[in-house]
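The sequence lines fix the lettering, A, B, ..., with proteins before strands; numbering per chain opens at 1.
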There are 2 protein chains.
Amino acid sequence: MVKFSKKLEYALISLRHISNAGAEVTRVRDISEKYNIPHDLLAKILQKLKKENILDSSQGINGGYTLNRKLNEIPLSELVNIIENSTSIVECMHDEDNNCMITDSCTIKDPLSRIQSEFENILKTKMISDFV
Amino acid sequence: MVKFSKKLEYALISLRHISNAGAEVTRVRDISEKYNIPHDLLAKILQKLKKENILDSSQGINGGYTLNRKLNEIPLSELVNIIENSTSIVECMHDEDNNCMITDSCTIKDPLSRIQSEFENILKTKMISDFV
DNA sequence: ATAAAACCGGACTAATATAGTCGTATTTAA
DNA sequence: TTAAATACGACTATATTAGTCCGGTTTTAT
Ligand code: SF4
Ligand code: SF4
């Protein structure tokens, strides 16, 4: 029912590492080798975090990543949305593509919608620093 | 990150329906047809709930299911464990089969373990009646 | 200049988890 | 005895997640 995806875990591990490195740049390879995370997969995750301004990056032979925001100011909800595109607990609440065939006769939409709100509030309250 | 499985949703819809039916027995077919849920899949879900004493069943031509416990006395945690066998948010916390290759170098196990406890408490507090 | 090492990004494949199906046995009222 | 229901386990199909591959571009030490 609830499962942190590997991508999300890799992101958390990386953010912790990069945060600890301070001003020093961290290469994808550093993290990849230290924690045994597939290089190419990790690279794409960090690229996404860069694109969303959570990380800074510099290219070139001495390039790498640094942290652009403080971990205690990034809510988990934001990270989950970046990595997994959605925080909805059932498909019918992810407006874009609701394919549920039983929407019309479904009797639990409303209560689940309440739960959804509660859940989103929790995700907004928890900061990345709580997870590393 | 968090997603109610269809099985779980079908279980909730069924429990609500059976609860509303009171002493009258409900057949799998009644629910299956009313809510457009695949019959055989639903049957197995209800069988499981019967096995765990959440439902009562009677066989034979006039058979069917009735509720054996009150919905406001069944915590969500129990239903999730029945339907999905686990409430762990990462594989390394589901003792039986931890295949995570990076367990040794993982830096987020401890914080996630705290989150896991918090999460389980929420699941224990929420009753099925909150979801229907 | 050029080589090296990084970032970038899309298409692809592999592995796993979820959803759904099928066949058969058992029970029971009529 | 037959029809309609639960009960169980093996199977298949689909969707999601995880991971790979490849062909770029950018930067910088030499
Ligand atoms: S309509 Fe009901 S069954 Fe379908 S996705 Fe929404 S909550 Fe789940
Ligand atoms: S060891 Fe770390 S990465 Fe592996 S499952 Fe546990 S929390 Fe996730």
Any idea which heavy atoms bring B:Ile18 and B:Leu67 closest together, and the distance?
CG2-N, 3.5 Å
Side chains of B:Ser5 and B:Glu84, donor plus acceptor under 3.5 Å
yes
Can you name the residues that form a ring-ring contact (aromatic ring centres under 6.0 Å, His included) with B:Tyr35, not counting sequence neighbours?
B:His17
If you assign A:Lys3 and A:Arg29 each to the DNA chain C nucleotide with the nearest heavy atom, which residue ends up on the more 5' nucleotide?
A:Arg29
Taking CD1 from B:Ile61 and P from D:dT2, how many angstroms apart are they, rounded to a whole number?
14 Å
Any N/O donor-acceptor pair, A:Lys44 side-chain to D:dT20 base, under 3.5 Å:
yes
Note, B:Asn72 side chain near B:Ile128 side chain (heavy atom, < 4.5 Å):
no
A:Asn62 near the nucleic acid: base, sugar-phosphate alone, or nothing, with a heavy-atom cut-off under 4.0 Å?
sugar-phosphate
note: A:Ile37, atom CD1; D:dT17, atom C1'; distance rounded to Å ~ 16 Å
Students should find that the nucleotides of DNA chain C closing off the region near chain B, any atom under 4.0 angstrom from a heavy atom, are C:dA19 to C:dA29
Atom-pair distance (CD on A:Glu9; P on D:dT17), nearest Å:
14 Å
Return the value, rounded to whole Å, for the distance between atom CD of A:Glu84 and atom P of D:dT17.
7 Å
Could you tell me the separation between the CD atom of B:Gln59 and the C1' atom of D:dA3, rounded to a whole number of Å?
15 Å
Using the closest heavy atom to pick a nucleotide of DNA chain D for each, name whichever of A:Gly60 or B:Val28 lands nearer the 5' end.
B:Val28
Under a 4.0 Å N-O cut-off, is there an ion pair linking A:Lys126 with B:Glu118?
yes
Ion pair check, A:Arg27 and A:Glu33, cut-off under 4.0 Å:
no
When A:Asp40 and A:Ser58 are each assigned the nearest nucleotide of DNA chain D, the 5'-most assignment goes to A:Asp40
Mind calculating the distance between CD (B:Glu52) and P (D:dC8) to the nearest angstrom?
11 Å
With a 4.0 Å cut-off on heavy atoms, is B:Lys7 in touch with a base, just the backbone sugar-phosphate, or nothing at all?
sugar-phosphate
Carboxylate-amine/guanidinium contact B:Glu73 B:Arg69, below 4.0 Å
no
For atom CD of A:Gln47 and atom C1' of D:dG19, their distance in whole Å
15 Å
Would you mind classifying the nucleic acid contact of B:Lys51 as base, sugar-phosphate or nothing, using non-hydrogen atoms under 4.0 angstrom?
nothing
Which part of the nucleic acid, if any, lies within contact of B:Phe4, taking any heavy atom under 4.0 Å across all strands shown: a base, the sugar-phosphate backbone alone, or nothing?
nothing
Rounded to whole angstrom units, what separation is found between the CD atom of A:Glu91 and the P atom of D:dA15?
11 Å
